[in-house]
Amino acid sequence: MSDLFNEISIRISGENGDGIFSSGDTLAKICSRSGLEVHASRAYQSIIRGGHVSYSIRASNQEVRAPADYIELLVALRKDSFIVDAIPTMTKGGFILFDSKGSRIKDEPIPSDVELIDIPALELARKLSPLKILRNTVFVGAAIALYSLKLEYLEEIIHEAFDRKGEEVVNINIDAARAGYEWVLQNCKLIDHNVKLKDRTEKVFIGGNEALALGLLAGGLQSYSWYPMTPATPVGAFLAKYGPNAGCVVKQMEDEINVANFAVGAGFAGARSACATSGGGFALMTEAIGFASIIEAPVVFIEVARGGPSTGLPTKTEQGDLNQLLGASQGDFPRAIIAQTTIEDGFYLGQESLNIAEKYQIPVLIASDLYLGEHFETIPELDFEKIPIERGKLILEEIPVEEQPYLRYKLTEDGISPRAIPGVKGGEHDAGSDEHDEDGKLVSDRRAGFPEAIQVRIKQMNKRMGKMDLLLTELPPPQVESNADHPDILIVGWGSSYDVINEARADLLKVGIKSSQLHLKYILPFHAKEVKEILEDFESKQIPILMVEANYTGQMARHIRAETGFLLKHKYLRFDGEYILPREIGMEVKKLLNKE
Amino acid sequence: MSDLFNEISIRISGENGDGIFSSGDTLAKICSRSGLEVHASRAYQSIIRGGHVSYSIRASNQEVRAPADYIELLVALRKDSFIVDAIPTMTKGGFILFDSKGSRIKDEPIPSDVELIDIPALELARKLSPLKILRNTVFVGAAIALYSLKLEYLEEIIHEAFDRKGEEVVNINIDAARAGYEWVLQNCKLIDHNVKLKDRTEKVFIGGNEALALGLLAGGLQSYSWYPMTPATPVGAFLAKYGPNAGCVVKQMEDEINVANFAVGAGFAGARSACATSGGGFALMTEAIGFASIIEAPVVFIEVARGGPSTGLPTKTEQGDLNQLLGASQGDFPRAIIAQTTIEDGFYLGQESLNIAEKYQIPVLIASDLYLGEHFETIPELDFEKIPIERGKLILEEIPVEEQPYLRYKLTEDGISPRAIPGVKGGEHDAGSDEHDEDGKLVSDRRAGFPEAIQVRIKQMNKRMGKMDLLLTELPPPQVESNADHPDILIVGWGSSYDVINEARADLLKVGIKSSQLHLKYILPFHAKEVKEILEDFESKQIPILMVEANYTGQMARHIRAETGFLLKHKYLRFDGEYILPREIGMEVKKLLNKE
Amino acid sequence: MVTEITELQLTIKDWASIQPTWCPGCGDFAVLNAVKNSFVELQLQPHETVVVSGIGCSSNLPHFVAGYGLHTLHGRAIPVAEGVKLANPDLNVVVTGGDGDGLAIGIGGFLHGARRNMNLTYIVMDNAVYGLTVNQASPTSGLGRKTRSTPYGNIEPPFNPITLALAAGATFVARTSSGDKNHFAEILSEAIKHKGFAFIDDMSPCVTFNKVNTFDFFKERVYKLEETDHDPSNYQEAMLKSFEWGDKIPIGIIYQNKNVLTYEEQDPTITKFGSVVRRGAEKDIDALKNILKDFV
Amino acid sequence: MVTEITELQLTIKDWASIQPTWCPGCGDFAVLNAVKNSFVELQLQPHETVVVSGIGCSSNLPHFVAGYGLHTLHGRAIPVAEGVKLANPDLNVVVTGGDGDGLAIGIGGFLHGARRNMNLTYIVMDNAVYGLTVNQASPTSGLGRKTRSTPYGNIEPPFNPITLALAAGATFVARTSSGDKNHFAEILSEAIKHKGFAFIDDMSPCVTFNKVNTFDFFKERVYKLEETDHDPSNYQEAMLKSFEWGDKIPIGIIYQNKNVLTYEEQDPTITKFGSVVRRGAEKDIDALKNILKDFV
Ligand SMILES: Cc1ncc(C[n+]2csc(CCOP(=O)(O)OP(=O)(O)O)c2C)c(N)n1
Ligand SMILES: Cc1ncc(C[n+]2csc(CCOP(=O)(O)OP(=O)(O)O)c2C)c(N)n1
Ligand code: SF4
Ligand code: SF4
Ligand SMILES: [Mg+2]
Ligand SMILES: [Mg+2]
């Protein structure tokens with residue numbers, strides 16, 4: 001539970017185009033540099049100017065891995081800040097920093113027991129320059145003053161942002177920051193919080209998409225193809241910027257179909273290959289996933305889900321695309337589906353997914369979502385050595401004559417065939433999307449129906465599908481985390497909700513409710529036996545089980561039932577596009593326990 | 001079980017390009033006109049000339065609704081006929097009609113106890129004309145002679161086919177037919193079968209795809225869009241030919257994405273709209289399915305599955321695309337999935353699906369497959385009055401001012417909003433793929449995240465998804481068919497295997513094994529309660545249950561488990577692309593019963 | 001269908017809808033303006049008009065104008081519009097979208113639409129950028145342009161939409177500029193009146209992300225073809241004219257062929273029944289039984 | 001990459017593979033022939049050569065020639081080939097497919113491929129029909145043609161692939177005819193040698209389904225551009241030449257621009273590292289840590 005004055009909880013909000021995100025980002029970085037753990041998230045609409053956007057920061061001396069469930073300080077740049085942010089979310093004892101004159105705010109509804117700080121931000125800014133945007137810097141200066149954060153960090157960030165624009169711009173901004181800062185010192189009582197500010201710290205402050213992209217680069221990514229689509233775009237933007245210096249080709253294509261097929265071509269050619277999109281783009285990619293699988297080309301397909309169906313709620317989150325991932329492409333074929341669970345996890349998963357793709361010569365589908373992909377956190381130090389690059393049975397050297405003929409789809413004991421790539425002498429072969437024999441020759445054209453061809457078909461199907469079983473043995477089985485031997489409840493979640501559930505459990509413990517958590521990351525192949533055992537164990541002990549998902553129908557609950565037969569009776573499902581908060585889960589748990 | 005000499009079982013085979021299909025079709029029609037029940041199926045490859053194709057006919061005085069499991073008379077036009085057809089499938093006591101000289105057949109492997117009839121077909125044909133294809137007519141003439149079928153029907157069909165080509169062509173063909181016919185009468189002992197040939201009968205002899213297409217027309221289809229893809233192409237070919245005279249626009253598009261989107265546009269505009277494709281094309285259509293659902297446009301999407309994954313086995317059958325249908329498009333949204341079960345069923349389903357689509361304003365997905373779509377049968381007389389055209393809450397007249405403003409996505413009690421289409425005055429509205437309010441205005445652009453917009457989202461999701469529950473109440477619940485009060489086994493199947501399982505059960509009964517059949521047609525929404533009860537009832541009575549599916553993983557078994565929790569332990573899965581035959585099911589049942 | 005002027009003149013108010021969500025100054029406002037003006041000029045009836053779009057800033061347009069609006073998927077406006085049009089050829093169908101929508105993901109629909117020549121009007125609001133997804137290179141972005149997807153500069157030569165539309169067989173091809181609303185409305189009216197696939201490439205500045213192709217950029221360069229001796233009925237001349245893009249940029253009707261039949265005029269169903277939607281969904285049992293005669 | 005002649009001369013045998021599955025007499029045999037001949041002429045190494053195709057009769061070609069073959073999905077040969085090429089620009093990548101594959105479902109990949117000018121050779125075996133799916137109208141089918149999908153005659157004007165390729169920006173555009181194998185092989189060698197996107201529209205008769213565009217049809221009409229004063233370096237002239245289709249059909253190189261950089265020559269990754277596949281998958285920890293400096 002977020003905790004008034006023991007943590008910092010700031011939201012800055014206004015119209016799209018007001019520069020809310022960069023101001024928020026600045027504030028978040030100041031918190032991080034002050035030695036705090038930071039969680040930062042955004043709300044916005046599918047519009048470039050106007051609407052109402054916000055940037056929320058939660059900072060603490062402890063780990064914070066979920067959005068705050070209340071606002072302590074609201075920096076309100078627009079009237080709508082009162083309706084959308086203040087009224088529903090301000091806590092008693094909180095502060096609203098606003099500029100009644102500059103933002104023409106009057107008669108707005110105000111939550112009770114909140115202190116209003118009416119700062120003439122625009123006026124202060126106008127004294128320095130006619131640029132309206134400077135107002136934000138005044139606000140940021142004021143905000144950090146209220147929390148006794150160091151002006152020094154703000155100045156530093158101004159330098160980083162504006163040095164390339166020349167001294168004048170830098171100075172004006174620094175003056176604006178100081179103006180806000182001083183104004184607060186002169187006019188306000190500072191916020192009397194219990195957060196310990198430390199000396200400069202250099203924590204990594206990064207988003208879920210960026211961490212995943214970094215992980216891909218750490219996994220030796222050599223090809224990334226994409227087409228912009230919210231909320232997967234940041235993966236592409238990151239790689240477009242950093243890929244070229246890291247040996248990764250980055251190609252924006254004309255649509256997602258061709259993104260996916262480009263990725264298959266690159267994978268076939270021997271590049272560690274990935275692509276990313278969101279729901280609608282993924283729908284277009286599905287045909288290529290089956291293609292990758294039958295030609296046994298390694299490719300990582302990333303799906304960062306947003307509110308569906310169809311174009312749906314492009315700027316809102318949902319875990320609503322699991323069915324689509326499970327049903328992607330026709331026929332039965334091997335593929336892995338793995339859900340990213342945390343920002344930090346993205347870094348390792350990026351590497352792991354490329355290893356799995358290449359070792360098993362299969363497509364690997366990564367499920368993420370807008371919440372996970374787009375929010376930022378300070379993260380623990382990353383271990384760059386942890387996951388070595390593993391390329392499996394990849395042949396890079398000429399195949400000697402005595403080992404000829406080379407059979408690309410050779411039936412081997414483990415179902416994985418040594419893989420030669422173009423450029424390798426002696427490895428020449430045909431890779432085709434039709435059913436084929438060990439040699440890669442089609443059985444669909446001249447031979448389909450011949451007794452011999454029927455056998456080829458059966459063997460190649462068995463070979464390919466066998467990789468799923470093999471892979472399952474390599475994947476870490478799910479573990480139950482508990483804060484008691486005899487917990488009161490088991491909470492089941494998957495993917496992006498790991499941290500949120502975790503925090504909910506910590507909060508519950510504070511009120512004496514002990515809990516366990518089963519969090520699913522490896523979705524296909526699935527540890528059906530282990531999951532069934534775990535669930536039945538809890539059930540047999542009459543410990544209630546709560547499934548938490550951000551979708552309407554409970555898609556993971558359905559998957560679990562399909563794999564284990566286990567019916568998850570209690571589900572907390574949120575499908576309005578907003579983030580699931582620890583407090584809601586806690587309330588649901590309490591409701592469930594009282595009821596039981 | 002097919003039954004030597006009590007039924008007719010003919011196969012004619014040769015290379016693609018030999019004219020096998022038209023000869024087979026002629027033979028089949030002769031059987032049908034002779035008052036027999038006929039089942040006809042083909043085998044071929046993804047190639048235009050060469051390979052090895054066959055046409056199999058089973059004809060009987062009783063209903064025949066499955067391919068024969070042996071060949072009684074093989075008309076062997078090529079050497080491969082011996083390897084692909086004769087050796088694996090000929091029965092003892094059968095006949096092979098071939099032309100050793102004309103087809104240069106010698107030293108071919110021959111199954112034991114089979115009578116060889118070496119007819120100089122090419123020589124007989126050459127006497128009449130240098131056209132090699134005439135050889136086939138000689139063979140057909142010979143074959144009907146062997147079965148004592150009437151030459152008259154053959155001559156009739158020759159007229160139907162060639163009259164437009166002029167008298168000479170007709171005469172040459174009739175002469176060829178007679179030559180074969182006479183040759184047999186003079187040189188062979190006729191087949192002594194027990195099938196009663198009747199006087200001319202006018203049974204409809206039609207394929208699964210054609211029956212479905214006819215059903216769509218009977219359902220008032222007004223728009224059909226398509227792109228060729230085996231095995232769905234015949235639906236398009238049928239409608240391209242017959243649609244224009246039946247008031248249905250038929251449009252070949254540039255790809256399946258645009259096929260599907262064209263269909264949505266037509267549905268939105270007020271046309272009864274459908275499209276069809278197979279696995280890979282359907283993958284491309286999925287995005288449009290979610291689109292249709294969120295704008296609440298009625299559209300029927302048909303998926304005639306073939307062997308997957310990917311391009312797979314384009315000319316072979318599989319029930320392997322259920323996962324894809326279930327996972328089509330991102331997010332949660334209402335849609336129906338219905339499997340065509342028999343050829344006859346296609347006629348009614350075509351009508352029913354359009355009614356469901358329009359009444360519930362949802363996409364309806366029809367699952368069929370190559371076996372069902374491409375084989376032909378004589379079918380019982382069709383009831384054209386059975387299913388009236390129902391258009392649901394469609395508004396076609398001007399909306400009076402006092403009923404304004406018209407709300408396209410109005411929250412109604414049953415979740416279905418009256419639907420105005422372009423051209424209706426007062427019904428003007430925006431239909432958008434983004435989340436929207438009752439009025440059709442987006443909530444994704446300016447308002448997403450506003451408390452009011454969050455409510456709109458929740459209500460529209462509830463409204464849309466509620467249609468699934470409502471629809472379920474209208475769909476007929478699954479019924480168990482039994483040939484005993486206390487059966488020995490329950491066989492569960494879905495879609496195209498209805499008749500095959502049915503015949504297997506009849507055969508089993510002959511050897512004293514009593515059985516029940518649960519056949520699933522309505523896949524989504526699903527009668528979970530009823531199916532669970534049925535399965536648990538059998539389980540509680542310790543009656544074994546066998547699931548029969550033509551795919552690798554048992555996709556329907558998974559769906560049943562997801563919906564009911566019930567684990568189908570015994571599965572007969574065939575995934576080599578060949579048709580499932582009643583005999584195999586019988587064998588599997590016997591194996592299971594002995595084991596138990 | 002261009003409706004005859006009825007007793008009650010329709011005015012711009014009849015086309016009013018909600019406030020656009022575009023950035024202040026966006027070039028797309030001019031399009032909206034022109035759309036409404038020429039709808040009034042041609043006295044189209046809102047209930048007989050469908051504005052279809054894809055996804056993008058520009059594709060939000062249908063919401064900002066009365067009548068029926070159909071806001072489809074990214075890149076799919078044309079095939080959806082074709083479905084609408086063939087279901088009910090009596091409707092006026094106008095398609096709007098962006099350069100990404102129409103020339104990247106939607107290029108197949110666009111060019112096949114041009115080829116098949118249904119009576120549709122298609123306006124691309126060409127801002128040479130992906131606006132709604134916040135600044136990536138589009139198929140019309142200039143060489144060297146730095147965007148979020150091309151931080152090191154765009155290395156793909158831009159498409160020329162006019163040349164492409166001509167190559168694909170569009171029977172009406174024009175370029176307009178959001179900087180000249182009146183000219184735009186005039187061209188648009190011609191496009192709507194044109195019987196067949198009418199394509200308008202509108203230079204519509206994205207004031208937020210595109211600092212190159214601005215209103216000023218175009219103001220300095222455009223000149224009107226009507227004021228030259230350009231002959232829009234000459235295909236070859238039109239093609240050569242389409243290459244002109246630089247210091248001088250021609251706007252106006254580049255090509256128009258008034259002598260070809262539309263798709264609808266040749267479709268075997270429509271020539272027989274007219275609008276199948278107006279006709280209604282029919283179960284003609286005799287006709288169906290007749291079909292079955294082929295299956296005996 | 002055009003490999004230098006090594007000690008051991010490669011011969012046509014080095015390119016042998018299985019027997020084609022095409023109908024006897026199919027135009028596609030000539031393509032196979034030309035492909036092998038020019039591979040030998042240019043002494044390409046089989047292991048450094050990838051032939052990529054879509055789905056269709058024509059797309060079966062990779063199986064009939066040695067080297068690496070990549071038989072993809074219907075309409076997706078070009079994007080797959082681009083993935084191969086950017087992963088390893090040292091490879092020779094030749095793409096083959098049909099008119100349906102390249103101009104219907106695959107038109108986006110084709111035209112964007114033309115625009116971005118990677119060093120690829122793309123041969124469309126244009127038979128104006130969907131062969132493999134047994135006779136439906138394709139985007140190049142003539143007006144009036146009756147096929148299984150157009151029983152009442154085709155009413156969509158065909159695309160001109162040459163005009164489209166030029167409009168999209170292809171830097172090498174040629175027409176050849178399966179009726180003239182030698183000419184074909186010559187043009188193909190030029191196409192392979194061309195640095196950039198080389199498009200060949202090959203008139204490849206479908207002897208089974210297309211009774212109009214037959215070998216004779218072309219024999220009567222084609223003439224060689226090399227024997228005229230056509231200047232392939234002149235874009236305008238090339239465009240006008242592309243319109244010629246009737247009693248006379250020009251074959252040969254219609255357009256070639258030798259003065260543009262390929263995509264690979266400008267890509268920021270490839271200019272730095274060359275083939276990333278040759279370089280290998282690297283985990284450069286220092287570089288990664290350096291990136292993290294931007295995230296503090
Ligand atoms: C299948 C799919 N891919 C990607 C997107 C994301 N997307 C939305 S709008 C857009 C591009 C918009 O550019 P343009 O069409 O030029 O319109 P503009 O915003 O510039 O007016 C993209 C890529 C999407 N909605 N659907
Ligand atoms: C997504 C998808 N849609 C449709 C098909 C079916 N299909 C296979 S080949 C083909 C057309 C072939 O025509 P073309 O490309 O001209 O090649 P040709 O056979 O004439 O050489 C089609 C429609 C497919 N395989 N995949
Ligand atoms: S981002 Fe550009 S295109 Fe989009 S509304 Fe703003 S100015 Fe217009
Ligand atoms: S059908 Fe036509 S294109 Fe296909 S192989 Fe035969 S002749 Fe060639
Ligand atoms: Mg744009
Ligand atoms: Mg073709």
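These values consider heavy atoms only, across backbone and side chains, with no hydrogens, waters or symmetry-generated copies. Each chain gets a letter, A, B and so on, in the order the sequences are listed, and its residues count up from 1.
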In terms of heavy-atom pairs under 4.5 Å, which option from A/R558, A/Q555, A/E15, A/E435 contacts chain B the most? A/R558
I'd like to verify something: which residue of B/M285, B/M465, B/R464, B/H559 has the highest number of heavy-atom pairs under 4.5 Å with chain A? B/M465
Among B/L326, B/T286, B/I560, B/L284, residue most engaged with chain A (heavy-atom pairs, under 4.5 Å): B/L284
Looking at B/E374 and B/R42, is any side-chain nitrogen of the basic one under 4.0 Å from a carboxylate oxygen of the acidic one? yes
In terms of heavy-atom pairs under 4.5 Å with chain B, the winner among A/N323, A/D332, A/I47 is A/D332
Within the distance-only criterion (no hydrogens, no angle test), does the side chain of B/R335 pair as donor or acceptor with the backbone N or O of B/I362 below 3.5 angstrom? no
Checking the side chain of B/R306 only, and the main-chain atoms of B/G279 only, is there a donor and an acceptor separated by less than 3.5 Å? no
For the pair A/S433 (side chain) and A/F291 (backbone), establish whether a donor and an acceptor sit closer than 3.5 Å, ignoring hydrogens and angles. no
Heaviest contributor of heavy-atom pairs below 4.5 Å to chain B, chosen from A/F450, A/F333, A/Y44, is A/F450
Atom group of B/T553 that falls short of 4.5 Å from chain A, counting heavy atoms: both
What part of B/E578 lies closer than 4.5 angstrom to a heavy atom of chain A: side chain, backbone, both or neither? side chain
For a quick test of reading the model, state the closest non-hydrogen atom pair linking A/M461 to B/P309 and the distance between them. SD-CD, 4.1 Å
Whether B/D80 side chain and B/I83 backbone form a donor-acceptor pair below 3.5 Å: no
Which answer fits A/R447, side chain, backbone, both or neither, if we ask what part of it has an atom under 4.5 Å from a heavy atom of chain B? backbone
Just give me the residue among A/G308, A/G320, A/A453, A/A448 that pairs up with chain B most often, heavy atom to heavy atom, under 4.5 Å. A/A448
Looking at chain A, which one of B/Q319, B/E452, B/K316 has the largest number of heavy-atom pairs inside 4.5 Å, strictly under? B/K316
B/R11 backbone acceptor or donor facing B/S56 side chain under 3.5 Å: no
Looking at every non-hydrogen atom in both residues, tell me the closest pair between B/Q324 and B/F282 and how far apart they are. NE2-CD2, 3.4 Å
Would you mind checking which part of A/E318 comes under 4.5 Å of any heavy atom in chain B, side chain (CB onward), backbone (N, CA, C, O), both or neither? side chain
Name the option with the most non-hydrogen atom pairs under 4.5 Å to chain B; the candidates are A/G51, A/P88, A/G280. A/G280
Would you check if the side chain of A/E549 reaches a backbone N or O of A/M556 as a donor-acceptor pair within less than 3.5 Å? yes
Interface moiety of B/I257 toward chain A, non-hydrogen atoms closer than 4.5 Å: side chain
Tell me if a side-chain donor or acceptor on A/R78 pairs with a main-chain N or O of A/H52 at a distance below 3.5 Å. no
Note: vs chain A, highest number of non-hydrogen pairs under 4.5 angstrom among B/R457, B/H436, B/R446 is B/R457
Side chain, backbone, both or neither: which part of B/I458 has a heavy atom under 4.5 Å from chain A? both
So does B/A232 get a backbone contact from the side chain of B/S278, meaning a donor-acceptor N/O pair under 3.5 Å? no
Using a 4.5 angstrom heavy-atom cutoff, name the option from B/N16, B/N462, B/I289, B/V456 with the most pairs to chain A. B/N462
Counting heavy-atom pairs under 4.5 angstrom with chain A, the leader among B/G312, B/G307, B/P314 is B/G312
Name the member of A/G290, A/A557, A/G449, A/S444 that forms the most heavy-atom pairs with chain B at distances under 4.5 Å. A/S444
